[in-house]
Amino acid sequence: MMLSRKLSFYLQLLFTLLVCAFLIVPVVLSALAGVTANFFVGLESGLTLSWLAQVIDLYTDTIYLSLLIAFACLVITLIIGVPAAYALARMGGRSARIIEETIVLPVAVPGLAIALALILSYGGFREFRSSWLFILVGHVLYTLPFMIRSVLAVLSSIDFKTLEEGAASLGAGFWYRLKTVVLPNVRPGILAGSLMVVTLSIGEFNLTWMLHTPITKTLPVGLADSYASMRLEVASAYTLIFFIMIVPLLIAMQMLSASNKAKTTKHSVTKNIGS
Amino acid sequence: MNSNTSVQVINCGKTFEDGTQALQPINLEIKGGETLVLLGPSGCGKTTLLRIIAGLETLDAGGQVLFNGEDVSHLPVEKRNIGMVFQSYALFPNMTVRDNIGYGLKVRRQSLADRQTRIQEMLAMMHIENLAERQISQLSGGQRQRVALARAIAVRPKVLLLDEPLTALDALLRERLRVEIDTLLRSLGITAIYVTHDQSEAMALADRIVVMSNGRIAQQGTPREIYQQPSNSFVADFIGTANKINGRMTDQGFEVEGVVLPKSILNVVGGNSTSANPIQTQAIFRPEDTEIVSQDQAHFNGQVASTFFMGDRTRLLVDGISESPIIVETTFKQEISIGTEISIRIKDQGLMLLPDELIEDLPKEIVEKTEQ
């Protein structure tokens with residue numbers, strides 16, 4: 001019994017490591033390619049930062065635009081998404097579910113189709129079509145469901161209706177309840193949703209590729225551009241920059257959920273000591 | 001002092017959007033300082049009524065809720081100055097115990113010093129001084145309910161509303177907290193409305209019990225009245241255990257299938273009529289109002305179908321007297337084996353007549369007709 005358990009443990013470990021390797025090796029190779037003088041010669045050709053410099057030189061505007069769109073997208077999804085989630089949670093029942101599904105639709109429909117729909121509807125407004133706001137609309141459509149879902153999940157897990165009733169019974173009006181009870185308790189959902197929105201917006205390609213113009217390019221579109229028209233090393237250096245931007249966001253997301261867990265564990269420990 | 005607010009419920013009904021009528025129009029008066037318990041099975045409308053009084057539920061047109069004679073029907077919950085204790089505690093997880101208790105005071109814009117004094121008072125009253133800085137997630141169920149009580153009382157509410165506050169707790173804790181709540185309500189002299197489905201909780205806490213069933217009041221009275229003179233079989237069944245027998249009233253006494261039970265065993269304390277009544281009526285008696293006697297003194301003879309030893313007494317189910325087994329309790333020490341023939345006598349004043357048949361037993365159309 002003991003032996004077989006050990007064996008199965010090592011087999012699982014091996015399998016996990018293999019899967020990890022399978023996923024990580026291309027990343028490492030790609031990152032290395034971005035700092036190798038000549039990828040076809042190999043590492044012997046020496047390491048260099050010149051490719052990175054070249055990318056930064058060529059694509060600074062793209063990087064800024066990506067950040068601008070991601071930030072604007074976050075602001076809008078916060079303004080629309082959080083109240084929407086609250087309203088949906090309050091409403092409850094069938095109609096709320098139908099609305100939620102409708103909002104989630106853009107996630108299920110291919111980005112290209114949404115982009116096409118946007119171009120058909122609003123493409124005629126020349127100024128709008130050629131500005132970065134056009135891409136922003138696509139991004140908001142695409143990321144809003146993630147914000148709403150994330151906030152809604154927390155709302156439905158805390159029985160906020162009773163919490164609000166409790167606050168109301170103590171004399172608190174709507175805005176005071178919102179400020180002191182509802183928002184502080186859905187903060188984990190808002191944070192998780194925000195990180196998700198920013199990460200998705202920065203990484204979005206399908207939609208953006210259709211919506212972009214030569215002067216409104218985001219990081220992933222620029223990446224495709226550099227793959228198509230530049231040396232492999234430049235494209236790899238580009239990927240490296242992309243990683244540097246996106247990985248901290250992913251880590252922050254992980255840490256957020258980890259710290260939430262740690263909080264609950266800490267509490268149960270003190271409770272045990274207390275009793 | 002605002003602790004003696006009376007509450008009047010006038011013609012309060014509640015129909016939900018889907019058309020279900022949770023509450024028939026009800027009239028009820030709660031005297032200042034009184035502890036009223038709304039008792040009934042789930043779905044009887046007791047929580048709806050409480051929520052209407054709280055202002056958490058709108059009421060049907062024509063209804064009114066008065067606090068001290070003042071109409072509060074159109075005030076939202078936050079303007080009614082009530083204290084409410086929920087079954088699920090509804091404590092704010094983002095605040096410490098201290099901040100939870102102080103929440104209502106902060107809403108009322110009291111100064112920090114006043115708030116601290118009051119919080120300290122409440123912590124002491126509920127014996128939770130040592131928990132003041134704890135997070136809610138660090139508390140046990142009983143501790144949470146104490147905090148919830150402290151929070152509700154801290155604002156000196158006009159009326160304290162408690163919605164099954166002990167239901168989520170285990171039996172031992174429930175018992176202990178029940179005693180504490182009782183002492184608390186007596187010492188504060190606050191008007192309190194307490195909802196429960198637990199009859200022993202209701203009996204222990206109430207000045208007056210309102211038994212509810214199917215959205216209407218089945219009976220109201222002191223715990224003693226409700227137990228000793230149930231006005232219908234629903235109340236008799238719901239409060240305690242009741243044996244039901246069908247018979248009719250004659251000049252000699254209560255006649256059950258040829259046996260005439262003497263008038264001396266009839267409970268005539270209440271308004272229940274004992275005059276000759278030729279029609280079938282129902283009578284009930286409690287298991288503890290029976291005794292096992294020799295055959296010549298017996299009212300009934302039957303066979304023991306099953307026995308339950310309960311420590312201080314033994315509960316017997318006896319067949320052969322009415323359609324369903326009669327429940328009898330005895331303090332007889334020896335074991336009584338199944339199948340034994342026993343003779344039973346109902347103690348004096350142990351038999352209660354049920355004059356009005358319960359509304360639930362009638363078809364719905366008739367109920368609605370009698371309403372009009």
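Each chain gets a letter, A, B and so on, in the order its sequence line appears, and its residues count up from 1. Everything numeric here is computed off the predicted structure, so don't read it as measured data. Just the heavy atoms: all of them, side chains too, but no hydrogens, waters or symmetry mates, feed the values below.
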> Hey, are B:E121 and B:R118 close enough for a salt bridge, meaning a charged N less than 4.0 Å from a carboxylate O?
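Looking at B:R118 together with B:E121, the answer is yes, because their closest N to O distance falls below 4.0 Å.
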> Tell me whether the centres of the aromatic rings in A:F15 and A:Y10 are closer together than 6.0 Å.
no
> A side-chain contact here means heavy atoms from C-beta on lying under 4.5 Å apart; do B:T191 and B:K158 qualify?
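They are not in contact (no side-chain heavy atoms under 4.5 Å apart), so the answer is no.
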> Between B:R151 and B:F92, is NZ or CZ placed under 6.0 angstrom from the six-membered ring centre and within 45° of the ring axis?
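Yes, cation above the ring, under 6.0 Å and within 45°.
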> Can you tell which of A:G166, A:G171, A:G173 has the highest number of heavy-atom pairs within less than 4.5 Å of chain B?
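Top option by heavy-atom pairs under 4.5 Å: A:G171.
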> Please classify the contact between B:R51 and chain A as side chain, backbone, both or neither, with a heavy-atom cut-off of under 4.5 Å.
side chain
> What residue, out of B:N94, B:V85, B:V77, has the most heavy-atom pairs lying under 4.5 Å from chain A?
B:N94
> Please tell me if the side chains of B:L28 and B:L36 come closer than 4.5 Å, counting only heavy atoms from C-beta onward.
yes
> If we define contacts as heavy-atom pairs under 4.5 Å, which of B:V107, B:L131, B:L91 has the most with chain A?
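Heavy-atom pairs under 4.5 Å are most numerous for B:V107.
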> Which region of B:L105, side chain (C-beta onward) or backbone (N, CA, C, O), has a non-hydrogen atom less than 4.5 Å from a non-hydrogen atom of chain A, or is it both or neither?
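It is neither, since no heavy atom gets under 4.5 Å.
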